[in-house]
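The structure appears below as structure tokens.
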Protein chains: 2
Amino acid sequence: MATIKDVSELAGVSQATVSRVINGTSRVSHDKKLKVEKAIKELAYKPNSIAQALAFSRTGSVGIMVPELGGPFYSGILHNMEEHLRRFGYHVVVSAGSNTEASQKESIEFLISRRVDALIVHAQNVPDDYLIQIEESGIPLVIINRFIPEMKSSCITIDNELGGKIATQYLLKMGHTDIVCITGPLDKSDARGRLQGYRNALFDAGIEYDEVLVAEASFTEESGASAMEKIIRRKCHFTAVFATNDHMALGAYEVLAEQGYSVPEQVSLIGFDDILFARYLTPKLTTMNFPIEQMSLEAVQLVIQKLGNNKCDVNFKLLPSLVVRNSVKDLLTTL
Amino acid sequence: MATIKDVSELAGVSQATVSRVINGTSRVSHDKKLKVEKAIKELAYKPNSIAQALAFSRTGSVGIMVPELGGPFYSGILHNMEEHLRRFGYHVVVSAGSNTEASQKESIEFLISRRVDALIVHAQNVPDDYLIQIEESGIPLVIINRFIPEMKSSCITIDNELGGKIATQYLLKMGHTDIVCITGPLDKSDARGRLQGYRNALFDAGIEYDEVLVAEASFTEESGASAMEKIIRRKCHFTAVFATNDHMALGAYEVLAEQGYSVPEQVSLIGFDDILFARYLTPKLTTMNFPIEQMSLEAVQLVIQKLGNNKCDVNFKLLPSLVVRNSVKDLLTTL
DNA sequence: TTGTAGGCGTTATCAA
DNA sequence: TTGATAACGCCTACAA
């Protein structure tokens, strides 16, 4: 591959002049500029961005760490972020951090060693202090879907509590009072928030919180299924299920179907996140919309702002909204 | 951030010695080695991989270009490739190439300017010559899901023709003879291959190919829906639909449902690709499995081989297989 | 075994 | 306006 030296020799000027032409950093006489441009064309010269990065001490890249690249949720995030970042002239280096602390740390450190200019992470398995320390080390950091009080100006989250409340209130409005909640792992703040919203809605409606109706799962389809089985074995009465994400709702749905409970005729079901196939289920799944696109955009804007390229307003706390489809039965008008 | 110079000064040795300790390239006396390691710990020194890349003229990265990052298909590819590449010590730089020639070229050139060591691309919208030229320029290139005769040792594909044939033969075996085919855009080789497989199966069964039963769409849900509508408007007789990918099958399914054809009782439906939500449809979609994991693995192995790190056998042509679920009715045993 | 010095491809500084 | 020349951080002959 041609280097700047080749270009300078072909054009009969110094390397510095070529560099000036490329970056437009200072004025170059018209005829030399033409010569240089001609030489660049001729050699199909492209600046080596590695060398540029070294000289600029800036790579023009943003590292993104998510637990996994597959699946509708993270791939959606990735897709949106890549699009926005590219518009700002940055490119994306991705690393999948699996679901363990060690692996997520490794991914993050890997990206740092790659000298990304900034970091956007969806890291649920590393301690607060670890992230705080990274930020203190000087590298711009944006955390999505997790709130750390000491870093509130670096965290983009959604209001999970509000989301859980809205979902539950909708079920209440439809006449359901015995509502199962399949919650995510309670060591995760988003799972806790959604459960708290459920409790708040019940409390506001004057319904007592009943532990028998609540089962903890781990945000996966399988765990949602076994949580549903567990609840059914308890032989308690319920007319609706609030699964705090769609994957678990799917698992619950399959168990309900197997055991002969039809949805929504006998049991209503509501999910959370509105992942792609929520609308392909029969009945189509009523759920809470997780504003993935917006979160991606806000995260990118925050990163850009931290990189000093721009001043834009950033929403730090996004609002989920109800997506009504066909998996919840209205008990009131039916009666 | 600490540099190798800082480490060398703290340890009281030369930079070369530090470098030797880090890379283990030659023997270093035990006590100096200990001093260096201590200094590295103390300064939390991490080699700057940008500088390493410049010195080694090798970045340790592989560029991946896909039309989009979202969606189950490409994100699956990405996920698998990242996992494998990481095991070989490479990291991934992604770029979404949209669906236009200009955008895909831009993405590829962007990755090249980033000096990735190799390239894996899913590029359907650039001419053969462009890709040939890139390979000739010396950068290791692997092309997935597309066959270019001049580059046969760089292309990982599936046997679309065989897949189309298997799908159609299955419908024939189930007693269907009037089979609609919703094909992808015929300027794409995979769409052509699948259609050809359909024709071959019909030919082998002694059934005449009927253009009235065939409609071209563009591999999207919407286009599949309108192709299905078009066919229905033709008022021809059919008992089964072969959609040459699952997205179009989904679109067709919705139109069939709307217009009162129940699947599979009145119309059988078979797709292609086995994307994630094929199994969440009701009835669960019978389809052809696209071996995404295998393709990702083969592509990575081929890249590794080209990078000279390894000699492994590579399968260049992968075989799709039938996934029987519930969307095809057996006309023979039912009668 | 160790250190010096030159190179990787750019950009930035400073005279000219 | 231009061109040497010194960074940027690291690796690697080569010499000691």
Side-chain angles (χ1 to χ4, degrees), chain A residues 1-37 39-40 43-61 89 91 110 112-117 137-139, chain B residues 1-37 39-40 43-61 89 109-110 112-117 137-139:
Chain A
M1 277 210 173
T3 72
I4 203 171
K5 195 177 162 208
D6 302 327
V7 175
S8 70
E9 285 169 358
L10 183 61
V13 299
S14 74
Q15 298 182 28
T17 300
V18 178
S19 177
R20 285 191 262 264
V21 171
I22 293 169
N23 298 300
T25 102
S26 78
R27 293 200 63 80
V28 180
S29 70
H30 193 62
D31 59 330
K32 295 213 172 188
K33 187 174 174 185
L34 287 182
K35 276 185 193 164
V36 168
E37 282 169 346
I40 288 178
L43 296 169
Y45 166 75
K46 294 268 175 63
N48 179 333
S49 60
I50 298 300
Q52 284 183 318
L54 192 60
F56 278 134
S57 55
R58 154 182 192 294
T59 56
S61 66
H91 76 277
F110 169 80
I112 293 177
S113 82
R114 239 67 198 190
R115 293 300 193 274
V116 292
D117 295 336
S137 82
I139 171 165
Chain B
M1 278 215 172
T3 72
I4 203 172
K5 195 179 165 206
D6 302 325
V7 175
S8 70
E9 284 170 359
L10 183 59
V13 299
S14 74
Q15 298 181 27
T17 301
V18 177
S19 175
R20 285 190 262 263
V21 171
I22 294 169
N23 299 303
T25 102
S26 79
R27 293 202 63 78
V28 182
S29 69
H30 194 62
D31 59 330
K32 296 215 173 188
K33 187 175 175 183
L34 287 182
K35 276 186 194 163
V36 168
E37 283 169 346
I40 287 178
L43 296 169
Y45 167 74
K46 294 270 174 64
N48 179 333
S49 60
I50 298 300
Q52 283 182 319
L54 192 58
F56 281 132
S57 50
R58 152 182 195 294
T59 56
S61 65
E109 271 147 35
F110 170 80
I112 293 176
S113 83
R114 241 66 197 191
R115 291 301 193 272
V116 292
D117 295 335
S137 83
I139 172 165

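This one's a predicted model, so the numbers in the text were calculated from it and none came from an experiment. Residue numbers begin at 1 in each chain, while the letters A, B, ... track the order of the sequences.
Qualifying side-chain contact (heavy atoms from CB on, under 4.5 Å) partners for B:Q52, counting only residues two or more places apart in sequence or in other chains: B:N23, B:P47, B:S49, B:F56. For A:S61, the side-chain contact (heavy atoms from CB on, under 4.5 Å) criterion is met by A:T59, A:H91, A:V93, A:V116, not counting sequence neighbours. Residues that satisfy the side-chain contact (heavy atoms from CB on, under 4.5 Å) test with A:D6, not counting sequence neighbours, are A:A2, A:T3, A:L43.
Checking D:dC10, D:dT1, D:dG3 against every side-chain atom of B:N48, the shortest atom distance belongs to D:dC10. Between D:dT1, C:dG9, D:dC10, one nucleotide has an atom nearer to the side chain of A:S29 than all others, and that is D:dT1. Of the listed nucleotides (C:dG3, D:dA4, C:dT10), D:dA4 has the atom at the smallest distance from the side chain of A:A16. Of the candidate nucleotides D:dC10, D:dT2, C:dC8, D:dC10 has the atom nearest to the side chain of B:Y45. Nearest nucleotide to the side chain of A:F56, out of C:dG3, C:dT10, C:dA12: C:dA12.
When the local axes at the two ends of the helix from C:dT1-D:dA16 to C:dA16-D:dT1 are compared, using 5 base pairs at each end, they differ in direction by 50° after rounding to 10°.
The phosphate of C:dT10 (OP1 or OP2) has no side-chain N or O of A:S19 nearer than 4.0 angstrom. Between A:T25 and C:dT11, a side-chain N or O to OP1/OP2 separation shorter than 4.0 Å is absent. At C:dT2, none of the side-chain N or O atoms of B:T17 fall inside 4.0 Å of OP1 or OP2 (strictly under the cut-off). Distances shorter than 4.0 Å separate some side-chain N or O of B:Q52 from OP1 or OP2 on D:dC11. Put simply, A:K32 has a side-chain N or O that comes within less than 4.0 Å of OP1 or OP2 on D:dG3. Taking 4.0 angstrom as the limit, A:N23 places a side-chain polar atom (N or O) nearer than this to OP1 or OP2 of C:dT11.
Separating the NZ atom in A:K33 from the OG1 atom in A:T17 is a distance of 13.0 Å, to the nearest 0.5 Å. To the nearest 0.5 angstrom, A:K46 atom NZ is 11.5 Å from A:I40 atom CD1.
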Requested in this report: Go through the steps to decide whether A:I112 and B:M1 satisfy the test side-chain contact (heavy atoms from CB on, under 4.5 Å), and finish with yes or no.
Outcome: CA-CA 11 Å; A:I112 293 177; B:M1 278 215 172; 3.7 Å; yes

All N/O contacts under 3.5 Å from nucleotides 14-16 of chain C to the protein, with atom names and distances to one decimal?
none

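Interface residues of residues 3-12 of chain B facing DNA chain D, ordered by number: B:T3, B:I4; criterion, heavy-atom separation under 4.0 Å.
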